[in-house]
Amino acid sequence: MARLVNSIFFTFLYISFIYTLPTFVNATTSQSDIQVLVAIKTSIDPFSITPDSFLSSWDFNLDPCEITGASFLGILCTVPDQVVTNATSRIIEIDLEGDGLEGFLTSSIGNLTELVSLNLGRNKFRGPVPESITNLRKLTSLQLYENFFSGSLVDDIGVLTKLETLDISNNRLSGSIPSSITSLRSLTRLDLSNNELTGKFPQLNGLWQLSSFDISNNQIYGNLPQFPLKIKTLSLSHNLLSGHITPVHKLRHLSTLDLSDNRFSGGINKGIFMLPELSHVNVSVNRFTVFEVVEFSDKKSQLHTLDVHANRLHGHLPVNLVTYPNLTEINLGHNLFSGEIPSEYWSRLGFSWRSLNLEYNNLEGSVPRELNRTLEGVQGSFEHNCLICPKGLQLCHGQRTASECHGGDHN
């Protein structure tokens, strides 16, 4: 009932605006664009328009593109050609980010055919993203993140071939990723994270300029596709992805890789560690069994953070980790590693290594007493292993009992 009342109320407001809207004899702004601005404002719950919001400055007794000062904030226009008689200005940018607006995005948005940038991020828009958005063929930036948009992604989004940034993260979108998305050949940043998207990846290699791709926290399943080779940031965490991760080995410009909390299996092998610009790796909470760390001596590795915890990795801890000069944070916990901790680790811990997690493995042997003097400020844990620890070493607290250690693997 409340929704019906709201709908009737907004409709009444819209009609009131239409009939009271001045028609400027010498208007700078296109009348059709003004009509869209009216529709945008009347699709918003007026109680959510605060005095300090951009939308509160939209006074339709004034010409949106002609006015200067503190009216029609969040709007940019073209400058009309003085040579052309009766030339009008067109709206090219709308930025209402963070205004806390509640309501719907009007389908008439598709009439702003000169629009280059639309930013409605960090509001409370709900309902579907209008299909008419595909009329905005000059759009280079579409940012609808942190709202309550629902329904599926627009099937024909691939017609927006000038898009460089597409961010619709943190909404309630469902369904699969449209196959037409591969037509967005100008796209450099794509963020679909924190939605309810399902299905498999479509072909992505057509997005040859893409440098950042985030689809974390969805329900995407299946194997990895071939990714565009220019990608620098790849975030696929918290999905249902499976298979091997060999497609990542080709991404020579990759700097940040997050594949955590999926169902990947096989090996974390040298192909990952040979990527020259890779600095942050998180492949935790998967089903990997092999961990192959290549020695990095000929080239300078950029690797800074490595997280492989909660897999099924076994064998000895990799000694070659000490050959990565920029490595500072390491998490190898909750695996099946056995044997002694390599002595080479101790000279790194407390100096270049500021965090080391080895908890819940099958490690044994003695931990040097001297570590008590070098571990100030070091974070991590060695707990729930079979280590012989010096008294007072906080990292070592909570070892398994002798009967648990002699009883074999209890992970």
Indicate the atoms forming the closest heavy-atom contact of [X] with [Y], along with that distance.
X: Trp58; Y: Phe54; answer: CD1-O, 3.4 Å
X: Asp191; Y: Ser193; answer: OD1-OG, 2.7 Å
X: Leu395; Y: Gln379; answer: CD2-C, 4.2 Å
X: Gly100; Y: Asn123; answer: N-OD1, 2.7 Å
X: Thr28; Y: Cys65; answer: CG2-CB, 4.1 Å
X: Pro390; Y: Pro368; answer: CG-O, 3.7 Å

Backbone of [Y] reached by a side-chain donor or acceptor of [X] within 3.5 Å:
X: Asp59; Y: Ser57; answer: no
X: Ser180; Y: Asp155; answer: yes
X: Asn361; Y: Asn385; answer: no
X: Arg400; Y: Cys405; answer: no
X: Asn147; Y: Phe149; answer: no
X: Asn205; Y: Phe227; answer: no
X: Asp95; Y: Gly74; answer: no
X: Asn262; Y: Phe264; answer: no
X: Asn362; Y: Glu364; answer: no
X: Ser355; Y: Glu329; answer: no

Taking C-beta and beyond as the side chain, do [X] and [Y] meet within less than 4.5 Å on heavy atoms?
X: Asn331; Y: Leu306; result: no
X: Ile94; Y: Ile75; result: yes
X: Pro318; Y: Phe291; result: yes
X: Leu101; Y: Ile49; result: yes
X: Leu229; Y: Trp208; result: no
X: Leu204; Y: Leu210; result: no
X: Asn320; Y: Phe273; result: no
X: Ile44; Y: Asp99; result: no

I need the [X] [atom1] to [Y] [atom2] distance, nearest 0.5 Å.
X: Leu144; Y: Ile133; atom1: CG; atom2: CD1; answer: 6.0 Å
X: Leu349; Y: Glu370; atom1: CG; atom2: CD; answer: 12.5 Å
X: Leu313; Y: Phe337; atom1: CG; atom2: CZ; answer: 4.5 Å
X: Leu160; Y: Leu166; atom1: CG; atom2: CG; answer: 8.5 Å
X: Ile168; Y: Leu197; atom1: CD1; atom2: CG; answer: 7.0 Å
X: Trp346; Y: Leu356; atom1: CH2; atom2: CG; answer: 7.5 Å

| field | From Val38, Thr42, Val36, residue fulfilling side-chain contact (heavy atoms from CB on, under 4.5 Å) relative to Ile40 | value |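 One option only clears the test, and that one is Val36.
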| request: Report the residue from Ile330, Val293, Val281, Asn326 that forms a side-chain contact (heavy atoms from CB on, under 4.5 Å) with Leu303. | output: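 Testing each of Ile330, Val293, Val281, Asn326 against Leu303, the sole residue satisfying side-chain contact (heavy atoms from CB on, under 4.5 Å) is Val281.
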| query | Under the side chain to side chain contact (heavy atoms under 4.5 Å, CB included) criterion, do Trp353 and Leu321 qualify, and how do the steps go? | reply | CA-CA 11 Å; Trp353 290 5; Leu321 284 179; 4.1 Å; yes
| query | With a cut-off of under 6.0 Å to the ring centre and 45° to the axis, is Arg126 in cation-pi contact with Phe104? | reply |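 Arg126 over Phe104 ring: yes.
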| message | Could you walk me through whether Val159 and Arg137 satisfy the side chain to side chain contact (heavy atoms under 4.5 Å, CB included) test, starting with their C-alpha distance in whole Å, then the side-chain angles of each, then the deciding distance to 0.1 Å, before giving a yes or no? | response | CA-CA 7 Å; Val159 301; Arg137 301 300 174 89; 3.6 Å; yes
| query | Does a donor on one side chain sit under 3.5 Å from an acceptor on the other, for Thr29 and Asp63? | reply | yes
| request: Under the side chain to side chain contact (heavy atoms under 4.5 Å, CB included) rule, what do Leu278 and Ile272 come out as? Steps first, then yes or no, please. | output: CA-CA 8 Å; Leu278 194 59; Ile272 293 289; 3.8 Å; yes
| Parallel, tilted or perpendicular: which fits the ring planes of Tyr360 and His334, with parallel below 30° and perpendicular above 60°? | parallel
| Just wondering, are more than 12 heavy atoms of other shown residues or ligands nearer than 6.0 Å to CD in Gln209? |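 It does: Gln209 CD has more than 12 such atoms within range.
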| task | Report yes if the distance between the aromatic ring centroids of Phe72 and Phe60 is under 6.0 Å, otherwise no. | result | yes
| request: Name all pairs fulfilling the side-chain hydrogen bond (donor to acceptor under 3.5 Å, both in side chains) condition that reach into residues 265-286, sequence neighbours left out, sorted by first residue then second. | output: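 Every side-chain hydrogen bond (donor to acceptor under 3.5 Å, both in side chains) pair that includes a residue of residues 265-286, provided the two are not neighbours, is His249-Asn269, Asn282-Ser284.
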| task | Output every pair passing side-chain hydrogen bond (donor to acceptor under 3.5 Å, both in side chains) with a member in residues 229-238, not counting sequence neighbours, ordered by first then second residue. | result | His238-Asp261
Would you tabulate the side-chain donor-acceptor contacts of residues 110-119 under 3.5 Å, counting partners in other chains and residues two or more places apart, or write 'none'?
residue: Thr113; atom: OG1; partner: Arg90; partner atom: NH2; Å: 3.1
residue: Glu114; atom: OE1; partner: Lys138; partner atom: NZ; Å: 2.7
residue: Glu114; atom: OE2; partner: Lys138; partner atom: NZ; Å: 3.0
residue: Asn119; atom: OD1; partner: Gly121; partner atom: N; Å: 3.0

| said: Run the side chain to side chain contact (heavy atoms under 4.5 Å, CB included) test on Val283 and Phe288 for me, step by step, so that the C-alpha distance in whole Å, both residues' side-chain angles and the decisive distance to 0.1 Å come before the verdict. | reply: CA-CA 9 Å; Val283 291; Phe288 295 113; 3.9 Å; yes
